[in-house]
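Each remark here refers to the structure printed beneath this line.
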Amino acid sequence: MLEIFSKWKANLTSADLPDQAEEGKLPQHIAIIMDGNGRWAKRKGLPRIAGHREGMKVVTKIVRVASNMGIEVLTLYAFSTENWKRPKKEVDYLLGLPERYLKAELPKLIENNVQVRLIGTTDHLPDHTLRAVEKAVKDTESNTGMILNFALNYGSRYEMLEAVKSIGRLIEEGKLSADSLTEETIHAHLMTSQLNDPDLLIRTSGEIRLSNFMLWQLAYSEFWFTDVLWPDFKEQDFVEAIAVYQKRKRRYGGV
């Protein structure tokens, strides 16, 4: 794993990067807000869907390098509950991308022991999208390598609201008391209940906000923002984000 990290890091030119990777400091869970597809296309005089098509190629590269490096969980913000506000043509294209990606990449994901998971609500998702994702989840459920977690039709406020409703029902039924609630109780009712919280959040395109993404889970994550648009995001950028993460000291409120 460290040899692979060093291979990618050798292509970087920043003198600020660590001289060598430390296995214990690699983030276990990385979450990415893949932003900038539309702006990339606009700068090139292309339709927005061209940016999304190019962005899907980057997903393939980053999934491969993350798996090779030994990252345990990679969560990708693929489609938010707010994305429904976009033009129908663009929404239809975005919701077709999971099927296109998995049709091409599922055999490789299986071969590389990657496990596909999904967070988000399946409400209103097209049948073809749901079938493709459910097949990938089923076909990789016995894999033991990196978890590739797609946030599809996902919104963090919706997630937390549903968690509160679920906990409230248990209280009403007398199965749980309000005084016994803990942070672990809430975590257990989130869509990510089987995952550790992200250690590192990456957002591309220069935007510095969370956009309703994993608001509870990112409470103590390290953030790394870059002006690079997602279609231009390279493996070296991914490795640079990890190298910067390695230089930070996570205190969790302590000294």
Side-chain angles (χ1 to χ4, degrees), residues 1-2 4-5 18 21-34 59 62-80 109 112-121 133 136-138 140-164 166-167 180-204 209-225 238-254:
M1 176 169 60
L2 299 185
I4 295 170
F5 188 99
E22 296 179 36
E23 183 174 359
K25 295 182 69 175
L26 283 178
Q28 296 179 359
H29 183 174
I30 299 176
I32 305 180
I33 300 176
M34 307 175 291
V59 169
I62 298 307
V63 168
R64 182 178 64 246
V65 69
S67 177
N68 288 341
M69 288 172 61
I71 302 301
E72 295 181 12
V73 183
L74 179 67
T75 295
L76 302 178
Y77 203 9
F79 189 89
S80 76
L109 295 175
N112 292 318
N113 199 29
V114 173
Q115 182 182 158
V116 176
R117 293 194 191 177
L118 176 71
I119 59 172
T121 172
V133 175
V137 171
K138 184 177 186 302
T140 63
E141 62 184 356
S142 62
N143 288 353
T144 58
M146 185 183 80
I147 294 172
L148 175 57
N149 184 40
F150 286 106
L152 185 63
N153 198 18
Y154 171 86
S156 187
R157 288 186 173 184
Y158 172 84
E159 175 188 32
M160 289 191 286
L161 179 60
E162 290 302 300
V164 170
S166 179
I167 293 170
S180 68
L181 293 182
T182 63
E183 290 186 10
E184 287 72 24
T185 308
I186 296 175
H187 173 79
H189 286 81
L190 295 175
M191 297 174 183
T192 55
S193 60
Q194 297 181 346
L195 303 174
N196 292 328
D197 292 341
D199 300 294
L200 172 64
L201 169 75
I202 296 171
R203 180 166 187 158
T204 59
R209 56 178 176 268
L210 296 181
S211 297
N212 197 20
F213 181 56
M214 302 185 85
L215 301 178
W216 177 276
Q217 296 91 333
L218 292 172
Y220 287 102
S221 304
E222 295 295 323
F223 294 173
W224 189 80
F225 299 102
F238 184 71
V239 173
E240 180 182 358
I242 294 174
V244 171
Y245 166 87
Q246 287 184 309
K247 296 181 69 175
R248 297 180 183 177
K249 184 175 182 180
R250 305 178 73 190
R251 298 182 177 85
Y252 299 98

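If you read the sequence from its start, that first residue is 1, and numbering goes on from there.
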What is the distance from atom [atom1] of [X] to atom [atom2] of [Y], rounded to the nearest 0.5 Å?
| X | Y | atom1 | atom2 | result |
| --- | --- | --- | --- | --- |
| I32 | N149 | CD1 | CG | 12.0 Å |
| T75 | L195 | OG1 | CG | 6.0 Å |
| I30 | I242 | CD1 | CD1 | 4.0 Å |
| F225 | I202 | CZ | CD1 | 11.0 Å |
| D199 | Y245 | CG | OH | 4.0 Å |
| K25 | K247 | NZ | NZ | 9.5 Å |

* Applying ring-ring contact (aromatic ring centres under 6.0 Å, His included), name anything that partners F79, two or more places apart in sequence or on another chain. => W84
Okay, side chain of [X], backbone of [Y]: is any donor-acceptor separation there less than 3.5 Å?
| X | Y | answer |
| --- | --- | --- |
| Y154 | L118 | no |
| S67 | M146 | no |
| T182 | E184 | yes |
| N153 | G120 | no |
| D197 | S221 | no |
| R157 | N212 | no |
| S156 | L215 | yes |
| Q115 | N143 | yes |

Side chains of [X] and [Y]: closer than 4.5 Å at any heavy-atom pair?
| X | Y | answer |
| --- | --- | --- |
| V73 | R117 | no |
| R209 | R203 | yes |
| W216 | I186 | yes |
| L109 | V63 | yes |
| Q217 | H29 | no |

* To do: Verify side chain to side chain contact (heavy atoms under 4.5 Å, CB included) between N112 and R64, making sure each step is shown before the conclusion.
  => CA-CA 9 Å; N112 292 318; R64 182 178 64 246; 5.7 Å; no
Closest heavy-atom pair and its distance - [X], [Y]:
| X | Y | result |
| --- | --- | --- |
| L201 | F213 | CD1-CE2, 3.9 Å |
| L74 | A66 | CD2-CB, 4.2 Å |
| F223 | R248 | O-NH1, 2.7 Å |
| V114 | T140 | O-CB, 3.4 Å |
| T192 | H187 | O-CE1, 3.8 Å |
| S166 | H189 | OG-CD2, 3.0 Å |

* **Step-by-step side chain to side chain contact (heavy atoms under 4.5 Å, CB included) determination, I147 to E72** => CA-CA 6 Å; I147 294 172; E72 295 181 12; over 6 Å; no
* Asked: Is it the case that more than 12 heavy atoms not belonging to Q194 sit under 6.0 Å from its CD atom?
  -> no
* Asked: Judged by modelled atom types alone, do T144 and N113 share a side-chain donor-acceptor pair under 3.5 Å?
  -> yes
* Partner set under side-chain hydrogen bond (donor to acceptor under 3.5 Å, both in side chains) for T121, not counting sequence neighbours -> D123
